[in-house]
*Asks:* 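Okay, handing you the structure first.
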Amino acid sequence: MIAPLTLGNKSFPVNIIQGPLAGVSCAPFRLLTWEYSEPGFTCTEMISCKTLIHQPKLAQQRYIAKDPGEGPVCFQLSGNDPVELAQATQIATEAGADLIDLNCGCPVKKIRSRGAGSSLLTHSNKLYNLIQAMKQNTHVPVSIKIRVEGSSDEKFNHEIVKIVTEAGLDFLIVHGRHWTEHYETPCRHDQIQYFVEQLNIPVIGNGDIANLDSLNKMFATGCAGVMIGRAGVGQPWLIRKLISEMQGKPFDIPHHSDIGKMFIRHVEQLAHLLNNEKFAILQARKFAKYYARPLQSRMNFAAAVNECETIEKLQSLCNEYFTP
């Protein structure tokens, strides 16, 4: 089931992708993923169209900066105005986007109240116009990332199939939960399969992929590729591990000391990108627990990171917790 992936006019050697993650998937995170996994492609954080249009270049760097060591990157945009999306699509293309995705799944109240994210799923005419705005303003493949209707009263799966087909989307990314559902609700593989069966374009399945069993369940839907989400945080080797296991090859998890070094490198590169050590430390507090997964004292480590104010202190903590 590991195979090359063709999306629109672009092809990728493998069909496992690292997805967008708010507050995480900027260049330092993606670079680690490339070095340890070599996915089909990676994704930026969700980027507001207004950020690309109105913010100064320096403020945009967190979202659009690409490291020379990275492979293909999909820029994920957020917005609800076709004119703004057209302009943002042009900017993203000029900034080096290899693919462009429109977020149609974000459940956050602030995003939905702006008419963006998952609120677009029940506004088919607007969604059609937004897809057209992307298609007409870039030469790279375009997609939307959606959620499913689940067991809710919102019945939009059929309408999304219709709109996607009419608008000429290049591929579709489907997260297998309704926007009101949380992680304790299992991924609805049957509804991902519905899109696979109804569409003549590649469908990328997303939701709960963290190990070989969950990967096999997703591929069983018939999807052309799979997208890893939060499981990739703190485990930049995860995609390579999954590919090795699918191919029946051995894979050695990095030693604790190496994982600690990855964490420090992530934070150092983030501080360099942002030119702001303090903000990098604040961001590190959010993802420290993921790097600490293999530690017996992971809760203590995460708590200690919350008290950190410098990278030097962070380095000292890693030496204490990650060194045998």
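These numbers come from the heavy atoms of this one structure, side chains and all, not from hydrogens, waters or symmetry mates.
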*Asks:* Sorted by first residue and then second, give each salt bridge (charged side-chain N to carboxylate O under 4.0 Å, His left out) pair with at least one member in residues 127-148; sequence neighbours left out.
*Replies:*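 For residues 127-148: Lys135-Asp170.
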*Asks:* Kindly state whether the ring of Phe322 and the ring of His255 have centres lying under 6.0 angstrom apart.
*Replies:*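 For Phe322 and His255, the ring centres are not under 6.0 Å apart.
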*Asks:* Distance only, no hydrogens: is a donor on one side chain within 3.5 Å (strictly under) of an acceptor on the other, for Trp179 and Glu154?
*Replies:*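 On atom types as modelled, these side chains qualify, holding a pair under 3.5 Å.
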*Asks:* Whether the Asn319 and Ser316 side chains hold a donor-acceptor pair (N or O, under 3.5 Å, no angle test) is what I'd like checked.
*Replies:*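 Per modelled atom types, Asn319 and Ser316 side chains form no pair under 3.5 Å.
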*Asks:* Would you give me the side-chain donor-acceptor pairs under 3.5 Å for residues 81-91, sequence neighbours excluded?
*Replies:*
from: Asp81; atom 1: OD1; to: Val83; atom 2: N; distance (Å): 2.9
from: Asp81; atom 1: OD1; to: Glu84; atom 2: N; distance (Å): 2.8
from: Glu84; atom 1: OE1; to: Lys50; atom 2: NZ; distance (Å): 3.3
from: Glu84; atom 1: OE2; to: Lys50; atom 2: NZ; distance (Å): 2.8
from: Thr89; atom 1: OG1; to: Leu85; atom 2: O; distance (Å): 2.7
from: Gln90; atom 1: NE2; to: Asn137; atom 2: OD1; distance (Å): 2.6

*Asks:* Between Leu31 and Phe29, is there a shared hydrophobic cluster once you connect ILVMFWY residues whose side-chain heavy atoms come closer than 4.5 Å?
*Replies:*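 No, Leu31 does not connect to Phe29 through the hydrophobic network.
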*Asks:* Who passes side-chain contact (heavy atoms from CB on, under 4.5 Å) against His189, sequence neighbours left out?
*Replies:*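 side-chain contact (heavy atoms from CB on, under 4.5 Å) check on His189 returns Cys187, Lys217, Met218, Thr221.
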*Asks:* Is the Phe301 ring parallel, tilted or perpendicular to the Phe263 ring (thresholds 30°, 60°)?
*Replies:*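 Plane angle over 60°, so perpendicular.
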*Asks:* Return each pair, listed once, that meets salt bridge (charged side-chain N to carboxylate O under 4.0 Å, His left out) where at least one residue sits in residues 232-256; pairs must be two or more places apart or across chains.
*Replies:*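 Sorted result for residues 232-256: Glu38-Arg240, Lys241-Glu245.
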*Asks:* With sequence neighbours excluded, tell me which residues meet side-chain contact (heavy atoms from CB on, under 4.5 Å) with Glu197.
*Replies:*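 Glu197: side-chain contact (heavy atoms from CB on, under 4.5 Å) contacts with Gln193.
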*Asks:* Among Leu52, Thr51, Leu77, which residue meets the side-chain contact (heavy atoms from CB on, under 4.5 Å) test with Tyr63?
*Replies:*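 So, applying the side-chain contact (heavy atoms from CB on, under 4.5 Å) to Tyr63 and each of Leu52, Thr51, Leu77, only Thr51 qualifies.
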*Asks:* Using the rule that Ile, Leu, Val, Met, Phe, Trp and Tyr join whenever any side-chain heavy atoms are under 4.5 Å apart, tell me whether Val226 and Tyr36 fall into a single cluster.
*Replies:*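 Different clusters.
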*Asks:* Can you list every salt bridge (charged side-chain N to carboxylate O under 4.0 Å, His left out) pair that touches residues 106-122, not counting sequence neighbours?
*Replies:*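 Qualifying pairs, neighbours excluded: none.
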*Asks:* Show every salt bridge (charged side-chain N to carboxylate O under 4.0 Å, His left out) that has at least one partner inside residues 296-321, sequence neighbours left out.
*Replies:*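 Residue pairs with at least one partner in residues 296-321: there are none.
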*Asks:* Who pairs with Ala167 by side-chain contact (heavy atoms from CB on, under 4.5 Å), at least two apart in sequence or on another chain?
*Replies:*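 Ala167 satisfies side-chain contact (heavy atoms from CB on, under 4.5 Å) with Tyr128, Ile131, Gln132 only.
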*Asks:* For Phe41, enumerate each residue passing the ring pair (Phe, Tyr, Trp, His ring centres under 6.0 Å) test, keeping only those at least two apart in sequence or located in another chain.
*Replies:*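 Phe41 satisfies ring pair (Phe, Tyr, Trp, His ring centres under 6.0 Å) with Phe12 once adjacent residues are dropped.
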*Asks:* Where the side chain of Arg177 meets the backbone of Tyr183, is there a donor-acceptor pair that is under 3.5 Å apart?
*Replies:*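 A pair under 3.5 Å: yes.
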*Asks:* Hydrophobic cluster mates of Leu58, side-chain heavy atoms under 4.5 angstrom, ILVMFWY only, any path?
*Replies:*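 Members besides Leu58: none; it forms no cluster.
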*Asks:* Can a side-chain donor-acceptor contact be found between Asp208 and Ser214 if the only test is distance below 3.5 angstrom?
*Replies:*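 Checked: Ser214/Asp208 side chains show no N/O donor-acceptor pair below 3.5 Å.
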*Asks:* State which residues pass side chain to side chain donor-acceptor pair (under 3.5 Å) with Gln269; sequence neighbours excluded, sorted by chain then number.
*Replies:*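 Residues passing side chain to side chain donor-acceptor pair (under 3.5 Å) with Gln269: none at all.
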*Asks:* Using the test side-chain contact (heavy atoms from CB on, under 4.5 Å), find all partners of Lys278 that sit at least two apart in sequence or belong to another chain.
*Replies:*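 With sequence neighbours excluded, Lys278 shows a side-chain contact (heavy atoms from CB on, under 4.5 Å) to Asn276, given in chain and number order.
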*Asks:* Do the charged groups of Asp67 and Arg30 touch, with an N to O distance under 4.0 Å?
*Replies:*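 So Asp67 does not pair with Arg30 through a salt bridge.
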